A.B. asks: 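Take this structure first; my questions come after.
Remember, predicted model here, so these are calculated numbers, not experimental data.
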Amino acid sequence: MADKKPTLLVIEDDEGLQAQLKWAYDDFEVVIAGDRDSAIAALRSETPAVVTLDLGLPPDPDGTTEGFAVLDAIMELKPDTKVIVASGHGARESALQAIERGAYDFYQKPVDIDALGLIVRRAFNLHAIEDENRRLVAHASEDKTVLGRLITGAPEMVKVARTIERVASTSVSVMLLGASGTGKELLAQGLHDASNRADKPFVAINCAAIPENLLESELFGHEKGAFTGAVKTTEGKIESANGGTLFLDEVGDIPLPLQVKLLRFLQERTIERIGGRKTIAVDTRIVCATHQNLEEMIAAGTFREDLFYRLAEIVVRIPGLSERHGDAVLLGKAFLKRFSTEMNPSVSGFAPDALSAIDAHDWPGNVRELENRVKRAVIMADGKLVNAGDLDFGDAEDEGAEVLNLKAAREQSDRRVIRHALARSEGNISSTAKLLGISRPTLYDLLKQYDLHA
């Protein structure tokens, strides 16, 4: 069966010209309308990609300029339509006004059939390209999404996602290894959602962000009166995730005494709350993550080898954003769409220099740094497009520059000292916090605030 011809709607009140145009283009299905009502009816029923419109249609009895009224109606009903307007007697001003109101192009009467045909065919081609682009954009997130919500086009991350999908239906413990900001919690959530535990709780806890003296209670819960301030019996995270999944982020920061208790849970699948004597059976799957080198910690005696092998039944290594070619731009566009909707609707995309800067940056802070930079850029952007300057990749953080603002100077000093402490402790959060004389939760807050990474 032959392909259906594209529909060309001709809005023209001159019957002679109607007939001429009707038979001039045998590669189109030409539909004729002689007034506004029939034009709008044809637009609704035929949904043509291209319309030719005579701006010189007779005005309404109330004096309304009919041609412009039809153009406005088309732009309101189907703004992607390519409208080619006709104006007579050298009325160039009317044609330019029509372009401002959304028309694609114009031609002058008397009509040159061949010249108009070229304009019409060019309009059809452009409409087809734009329509394809709209489809690609509409399906971009879906096509580039794995594990439900993880946006990626990089083969390295697709491989990670496929590995997680394969182990999701089992009950093995999974360890996610990767730098800070690579999306470990999102992957853990994706694993849970792909498992047969998806209808049960997913509970996440950052072991490094909770003081050591409170972490045991957070994980295992406590009975009323177990310690000062324990005014009621409270379930721990392991118990809260019963039947579901518990995500232990920064598992390398769990202190040695608590590692023993966690190992006992993994072996026996039972827990005891602090201050309790009753053994509670718990069916909770453990997924853990860390950016630290646990094998080095085992050699140093700061992490139990037997616990490591219980937690690392399956190990998944997550590449940094700089290793996921193309993902920075892909994720940047997704973040911009979200933040512009929430904070600055006038922003519609990235300028070419911004896309180049995103693609060239090495992203030491990974996806978290990208998200923060795009968020800030959307807020600060003056125009419709975020440019490279809005992303602040310049010398704003040059430590040699003179800073007279006290707040900026304090932030600059904090960044420098934290970076030095991280380097001296080889990225170990606990050691860095001790060097700086602050708690681990405070250090994590500062790392997040200044877009730094361990």
Side-chain angles (χ1 to χ4, degrees), residues 175-189 204-215 218 247-255 288-294 296-297 302-303 317-324 327-328 331-332 335 339 358 361-377 379 391-399 403 406-454:
M175 179 174 287
L176 305 173
L177 298 180
S180 296
T182 49
K184 294 187 287 291
E185 183 170 347
L186 189 62
L187 287 168
Q189 177 75 64
I205 180 171
N206 188 325
C207 300
I210 298 171
E212 290 183 11
N213 61 327
L214 297 179
L215 186 56
E218 282 291 316
F247 174 55
L248 298 174
D249 197 6
E250 298 303 345
V251 71
D253 283 271
I254 296 178
C288 65
T290 182
H291 72 281
Q292 300 186 59
N293 189 322
L294 294 185
E296 289 182 0
M297 293 181 66
T302 56
F303 199 86
R317 301 186 184 277
I318 306 168
L321 186 54
S322 62
E323 302 171 75
R324 297 155 52 179
D327 270 10
L331 287 163
F335 289 142
F339 293 135
I358 290 172
H361 190 58
D362 59 3
W363 298 109
N366 291 295
V367 179
R368 187 177 295 121
E369 179 191 356
L370 172 63
E371 183 177 12
N372 288 342
R373 282 193 184 274
V374 173
K375 183 177 184 179
R376 193 162 53 230
I379 294 170
L391 291 165
D392 194 22
F393 287 124
D395 299 323
E397 294 180 17
D398 182 6
E399 293 172 3
V403 179
L406 285 175
K407 182 180 178 184
R410 186 165 58 248
E411 290 181 0
Q412 190 178 91
S413 176
D414 285 351
R415 289 174 186 272
R416 184 172 60 252
V417 172
I418 291 171
R419 280 200 293 261
H420 289 171
L422 283 167
R424 188 177 300 178
S425 63
E426 298 181 346
N428 183 280
I429 293 295
S430 296
S431 300
T432 303
K434 288 176 183 176
L435 280 174
L436 294 171
I438 58 178
S439 67
R440 288 181 302 159
T442 300
L443 176 57
Y444 265 90
D445 287 341
L446 289 172
L447 292 173
K448 185 176 181 180
Q449 179 181 343
Y450 295 139
D451 286 339
L452 297 174
H453 71 290

A.B. asks: Between Ser322 (side chain only) and Trp363 (backbone N and O only), is there a donor and an acceptor less than 3.5 Å apart?
C.D. replies: no

A.B. asks: Enter the distance from His291:NE2 to Asn366:CG here, rounded to the nearest 0.5 Å.
C.D. replies: 11.5 Å

A.B. asks: Could you tell me which non-hydrogen atom of Leu370 sits nearest to which non-hydrogen atom of Gly332, and how far apart they are?
C.D. replies: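 Reported closest heavy-atom pair: CD2-N, 3.8 Å.
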
A.B. asks: So, for Pro255 and Glu212, which heavy atoms are closest and what is the spacing to 0.1 Å?
C.D. replies: CB-OE1, 4.1 Å

A.B. asks: Do Leu321 and Thr182 come within less than 4.5 Å of each other through their side chains, counting heavy atoms only?
C.D. replies: no

A.B. asks: What are the two closest non-hydrogen atoms of Val251 and Phe303, and how far apart are they?
C.D. replies: O-CE1, 3.5 Å

A.B. asks: For the atom pair CZ (Phe339) and CG (Asn372), what is the distance rounded to the nearest 0.5 Å?
C.D. replies: 7.5 Å

A.B. asks: About how many Å separate OG1 of Thr302 and CD1 of Ile254, when rounded to the nearest 0.5 Å?
C.D. replies: 12.5 Å

A.B. asks: Over all heavy atoms of both residues, which pair between Ala208 and Arg440 is shortest? Give the atoms and the distance, please.
C.D. replies: O-CB, 3.2 Å

A.B. asks: Do Glu218 and Cys207 come within less than 4.5 Å of each other through their side chains, counting heavy atoms only?
C.D. replies: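 No. Closest side-chain heavy atoms not under 4.5 Å.
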
A.B. asks: Start with the C-alpha gap between Asp253 and Ser430, add the side-chain angles, then the distance that decides, and say whether side chain to side chain donor-acceptor pair (under 3.5 Å) holds.
C.D. replies: CA-CA 7 Å; Asp253 283 271; Ser430 296; 3.1 Å; yes

A.B. asks: Does the pair Ile205 and Leu215 meet the rule for a side-chain contact (heavy atoms from CB on, under 4.5 Å), with working shown?
C.D. replies: CA-CA 10 Å; Ile205 180 171; Leu215 186 56; 4.1 Å; yes

A.B. asks: Give the intermediate values and the outcome of side-chain contact (heavy atoms from CB on, under 4.5 Å) for residues Arg373 and Phe393.
C.D. replies: CA-CA 9 Å; Arg373 282 193 184 274; Phe393 287 124; 3.5 Å; yes

A.B. asks: Go through Leu436 and Leu446 one step at a time and tell me if the side-chain contact (heavy atoms from CB on, under 4.5 Å) criterion holds.
C.D. replies: CA-CA 12 Å; Leu436 294 171; Leu446 289 172; 5.8 Å; no

A.B. asks: Not counting sequence neighbours, which residues clear salt bridge (Lys or Arg N to Asp or Glu O under 4.0 Å) with Asp249? List them please.
C.D. replies: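 Asp249 satisfies salt bridge (Lys or Arg N to Asp or Glu O under 4.0 Å) with no residue once adjacent residues are dropped.
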
A.B. asks: Please round to the nearest 0.5 Å and tell me the distance separating atom CD1 of Ile438 and atom OH of Tyr444.
C.D. replies: 12.0 Å

A.B. asks: How far apart are the C-alpha atoms of Arg324 and Val367, what are their side-chain angles, what is the distance that settles it, and do they pass the side-chain contact (heavy atoms from CB on, under 4.5 Å) test?
C.D. replies: CA-CA 11 Å; Arg324 297 155 52 179; Val367 179; 4.0 Å; yes

A.B. asks: Keeping the roles fixed (side chain from Lys184, backbone from Gly178), state whether a donor-acceptor pair exists under 3.5 Å.
C.D. replies: yes

A.B. asks: Can you find a heavy atom in the side chain of Leu294 that is under 4.5 Å from one in the side chain of Met175?
C.D. replies: yes

A.B. asks: Any idea which heavy atoms bring Gly252 and Thr290 closest together, and the distance?
C.D. replies: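 Shortest heavy-atom contact: N-OG1, 4.0 Å.
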
A.B. asks: Considering non-hydrogen atoms only, spot the tightest contact between Pro441 and Ala209 and give its length.
C.D. replies: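 Result for this residue pair: CG-O, 3.0 Å.
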
A.B. asks: So, taking the atom named CG in Leu443 and the one named CD1 in Ile429, what distance separates them when rounded to the nearest 0.5 Å?
C.D. replies: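 Between Leu443 CG and Ile429 CD1, I get 5.0 Å after rounding to 0.5 Å.
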
A.B. asks: Rounded to the nearest 0.5 Å, how far does CG of Leu177 lie from CD of Gln292?
C.D. replies: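 Rounded to the nearest 0.5 Å, the CD-CG separation comes out at 11.0 Å.
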
